[in-house]
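First, the structure itself, so that you have it in front of you.
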Amino acid sequence: MRILILGAGKMGSFFSDVLSFEHTVAVYDINPQHLRFMYNCYRFTSIDEISEFKPELVINAATVKYTLEAFRQVLPVLPTDCIISDIASVKTGLKTFYENSGYRYVSTHPMFGPTFASLDKLSTENAIIIKEGDHLGKIFFKDLYQRLGLNIFEYTFEEHDETVAYSLSIPFVSTFVFAAVMKHQDAPGTTFKRHMAIAKGVLNEDDYLLQEILFNPHTPAQVEGIRTELNELLDIISKKDAQGMHNYLAKIREKIK
């Protein structure tokens, strides 16, 4: 296939790497500097080049802030039979956009990123394929993700947003709280250092991405759950309630089995 990837960032580079030896791949980015280390693919910086390339599939790997804008830039020059797709972790507005675009579409979310995942060992990582969308497009990504060893789940757009609110919002907010009460440690323990590494990784993400994940309509209920648990734990600690602490630890150990 002729595949056009929008955005030469971390995930754009990843998809170019895994696809370019079996398909004809082009990567489009308006900043030529971002394309310096792209190899075995065409490197485009203009819409005219996309028009001449005539892609059969577009994978939008632009940062979440520019996902819709990137689509709007290239849509006028795409062939009518082209399948458009995204890998965004935030699907806000995408369903409506796709339904009004006039193009076949497929939406997926690789539930990993270069910050923490070992990209050559993905068997413990997951990917979501949105149920709504083009059948052939879904088959393409299902085959790709299976070959990468990912565990694949199919959700609707709504179910995806609920899952992201749980699986991303809770660790993100917990990390924010850890960082907010941070004090310099000359001799940090192992657990502290691990939490610090996670905090640095999360806070290295794009501000807009973090904002949009936390502004997910399903997020407030998850954050409220954190506040409820903190209140319960604080009450146990304040009262030095040994039995209460025992019961609380038993409860949370059961949850992580």
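Remember, it's a predicted structure, so these values are computed and weren't measured experimentally.
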Quick one: which of Leu78, Asp134, Ile3 gives a side chain to side chain contact (heavy atoms under 4.5 Å, CB included) with Ile83?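 Looking at Leu78, Asp134, Ile3, the match for Ile83 under the side chain to side chain contact (heavy atoms under 4.5 Å, CB included) is Asp134.
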Proximity of Phe71 and Tyr105 rings by center, below 6.0 Å: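 Here the rings of Tyr105 and Phe71 have centres that are no less than 6.0 Å from each other.
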Would you say CG of Asp207 has more than 12 non-hydrogen atoms from neighbouring residues, nucleotides or ligands within 6.0 angstrom?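 Incorrect, the count does not exceed 12.
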Under a 4.0 Å threshold between the charged nitrogen and the carboxylate oxygen, would Glu229 count as salt-bridged to Lys251?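 Yes, Lys251 and Glu229 are salt-bridged.
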Considering residues, nucleotides and ligands other than Arg147, do more than 12 of their heavy atoms fall under 6.0 Å from its CZ?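 More than 12 within 6.0 Å, yes.
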Would you please test Ser169 and Val164 for side-chain contact (heavy atoms from CB on, under 4.5 Å) and show each step? CA-CA 7 Å; Ser169 297; Val164 167; 5.6 Å; no
Can you say whether the rings of Phe153 and Tyr155 are parallel (under 30°), tilted (30 to 60°) or perpendicular (over 60°)?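 Ring orientation of Phe153 relative to Tyr155: parallel.
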side-chain contact (heavy atoms from CB on, under 4.5 Å) between Thr24 and Tyr42, worked out: CA-CA 8 Å; Thr24 303; Tyr42 293 103; 3.7 Å; yes
Does Tyr103, at its OH atom, have more than 12 non-hydrogen atoms belonging to other residues, nucleotides or ligands within less than 6.0 Å?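 Count over threshold, so yes.
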Could you tell me whether a side-chain N or O of Thr175 sits under 3.5 Å from a main-chain N or O of Pro171, the two making a donor and an acceptor?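 Judged by distance alone, yes, a pair lies under 3.5 Å.
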Please tell me whether Phe192 and Phe178 form a close aromatic pair, meaning their ring centres lie under 6.0 Å apart.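 For Phe192 and Phe178, the ring centres are under 6.0 Å apart.
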Kindly say whether Tyr66 contributes a backbone atom to a donor-acceptor pair with the side chain of Glu69 at under 3.5 angstrom?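 No, the answer is negative, given that no donor and acceptor are paired below the 3.5 Å cut-off.
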Enclosure of Phe97 CZ (heavy-atom neighbours >12, cutoff 6.0 Å):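 Yes - once you tally the heavy atoms of other residues, nucleotides and ligands closer than 6.0 Å, there are more than 12.
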What's the separation between atom CG in Asn216 and atom CD in Glu162, rounded to the nearest 0.5 Å?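 The distance works out to 9.0 Å.
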Any chance you could measure Ile130, atom CD1, to Glu158, atom CD, to the nearest 0.5 Å?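 Ile130 CD1 to Glu158 CD: 10.5 Å, rounded to 0.5 Å.
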Over 12 foreign heavy atoms within 6.0 Å of NE2, His218: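 Result for NE2/His218: enclosed.
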Taking the side chain as C-beta and beyond, is there a heavy-atom pair between Asp241 and Tyr248 under 4.5 Å?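 Counting from C-beta outward, Asp241 and Tyr248 never come under 4.5 Å.
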Non-hydrogen side-chain atoms of Phe14 and Leu148 separated by less than 4.5 Å: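 They are in contact (side-chain heavy atoms under 4.5 Å apart), so the answer is yes.
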Would Gln222 and Ile226 count as a side-chain contact (heavy atoms from CB on, under 4.5 Å) if you check the C-alpha gap in whole Å, the side-chain angles of each, and the deciding distance to 0.1 Å? CA-CA 7 Å; Gln222 302 296 339; Ile226 293 175; over 6 Å; no
His195, NE2: over 12 other non-hydrogen atoms inside 6.0 angstrom: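 Not more than 12 within 6.0 Å, no.
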Check whether any side-chain heavy atom of Phe157 lies under 4.5 Å from a side-chain heavy atom of Tyr98, and answer yes or no.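 Phe157 reaches Tyr98 side chain to side chain.
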Evaluate Tyr28 against Leu35 for side-chain contact (heavy atoms from CB on, under 4.5 Å), listing each step before the verdict. CA-CA 8 Å; Tyr28 171 72; Leu35 296 166; over 6 Å; no
